[in-house]
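Only this structure's heavy atoms are used, side chains among them; waters, hydrogens and symmetry mates stay out. The chains referred to below are lettered A, B, ... by the order of the sequence lines, with proteins before strands, and numbering in each begins at 1.
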Protein chains: 2
Amino acid sequence: MGKHTLGELQHAIMQVLWARDEATVAEVHEALFDERGLAPTTIATMLRKMEDKGVVAHRVEDRHFVYQATVSEDAVRSTMVSELLDRLFAGDPAALVSHLVADHDIDEAEVERLRALLNHAEARKDENR
Amino acid sequence: MGKHTLGELQHAIMQVLWARDEATVAEVHEALFDERGLAPTTIATMLRKMEDKGVVAHRVEDRHFVYQATVSEDAVRSTMVSELLDRLFAGDPAALVSHLVADHDIDEAEVERLRALLNHAEARKDENR
DNA sequence: CTCCTTGAACTACCAAGGTAATACTACCGA
DNA sequence: TCGGTAGTATTACCTTGGTAGTTCAAGGAG
């Protein structure tokens, strides 16, 4: 498992692939055109680079390429969050949560959800004891 | 206010500057040499690039440059966390916390700390009502 | 069978991060 | 005054992400 760190566009492309499991270049282009307005060749080039990198794979079907993600969204999240965690918070998740609470005004509903999350986490740990 | 996104080395340099408020090229180099083993010119070049970018400033003192950070660690954290939040979790902080709990095994002590954090957050909100 | 269209391949740039050798300058000591 | 040394400026190169024009190949239309 290498470093699955994705750039902006790469991530956008991956999201399309994650959403529909597989897609042609044209489909990806169409899905992203409204927000990005990129040339189809840009998408195609990026997909090839991403294949070199190992995060997508393609299969030929009916004269065009059908791409598919080879890494899960969660795997990407894991590596990228870990990276940011190490860089910015010396690997301390609580410090990141603290920053989140202080900086991104989390409303009461969110706080409730988080509290529930923590309760679940503790409940799971209780079970294994 | 631009995007204060820092690369790996840039962030390491900033940490030195944040730690001691200001430092010469040689001091930064010395502080990072053990872990990175970079040439002094590399640090100097990077510092100049960072100055172009606006995240540090220098003053000449006694024939050498004394650099100082012009952005706070918290400002950098804010922009970088926000970016990751938007990219990976559609801007939902709770989703990030959820990921953190699920993925980075947070031990019971951490959970307690987080719970306390959330309590404080709610307490603050209660006060303002 | 030939030409057009479509989509992939190739090539080419640009910016930013990173890394560093080399060139220059100015001070200090002999 | 002359040369070494210290420290900055210049220049250069590599990688990755991003963006796209141009070329090429193969299937479909006439």
side-chain contact (heavy atoms from CB on, under 4.5 Å) between B:Tyr67 and B:Arg59, worked out: CA-CA 7 Å; B:Tyr67 282 94; B:Arg59 145 179 73 90; over 6 Å; no

Interatomic distance, B:Arg48 CZ vs D:dT10 C1' [rounded to whole Å]: 8 Å

D:dA26 phosphate, OP1 or OP2, under 4.0 Å from A:Arg63 side-chain N/O: no

Distance, rounded to the nearest Å, where B:Asp62 contributes CG and C:dA26 contributes P: 16 Å

Sugar-phosphate only, base, or nothing, as touched by A:Lys49 at under 4.0 Å among non-hydrogen atoms: base

d(CD1, A:Ile43; C1', D:dG18) in whole Å: 10 Å

Residue met sooner reading DNA chain D from 5', once A:Thr5 and A:Ala39 are mapped to nucleotides: A:Thr5

B:Leu9, nearest nucleotide to its side chain (from C:dA9, C:dT19, D:dT19): C:dT19

Pair B:His58, B:Gln68: side-chain N/O donor-acceptor within cut-off below 3.5 Å: no

Side-chain H-bond candidate by donor/acceptor type, A:Lys49 with A:Gln10, under 3.5 Å: no

Side-chain (A:Trp18) to main-chain (A:Val71) donor-acceptor, under 3.5 angstrom: yes

Presence of A:Thr41 side-chain N/O under 4.0 Å of D:dG21 phosphate oxygens OP1/OP2: no

Nucleotide nearest B:His64 (side chain, heavy atoms from C-beta), chosen from D:dG7, C:dG17, C:dA20: D:dG7

Whole angstrom value for the distance that separates P of C:dA16 from CD of B:Glu8: 19 Å

Sugar-phosphate, base or nothing in reach of A:Ala44, heavy atoms under 4.0 Å: nothing

Length of the CD-P vector between A:Glu35 and D:dG18, whole Å: 15 Å

B:Glu22 vs B:Arg20, salt bridge (charged side-chain N to carboxylate O under 4.0 Å, His left out): CA-CA, chis, key distance, verdict: CA-CA 5 Å; B:Glu22 48 176 45; B:Arg20 54 180 91 183; over 6 Å; no

Spacing of B:His4 atom NE2 relative to C:dA16 atom P, expressed in whole Å: 15 Å

Sugar-phosphate, base or nothing in reach of B:Thr45, heavy atoms under 4.0 Å: base

Distance in angstrom units between A:Met46 CE and D:dG18 C1', rounded: 7 Å

Atom-to-atom span, CZ of B:Arg36 to C1' of C:dT19 - whole angstrom: 12 Å

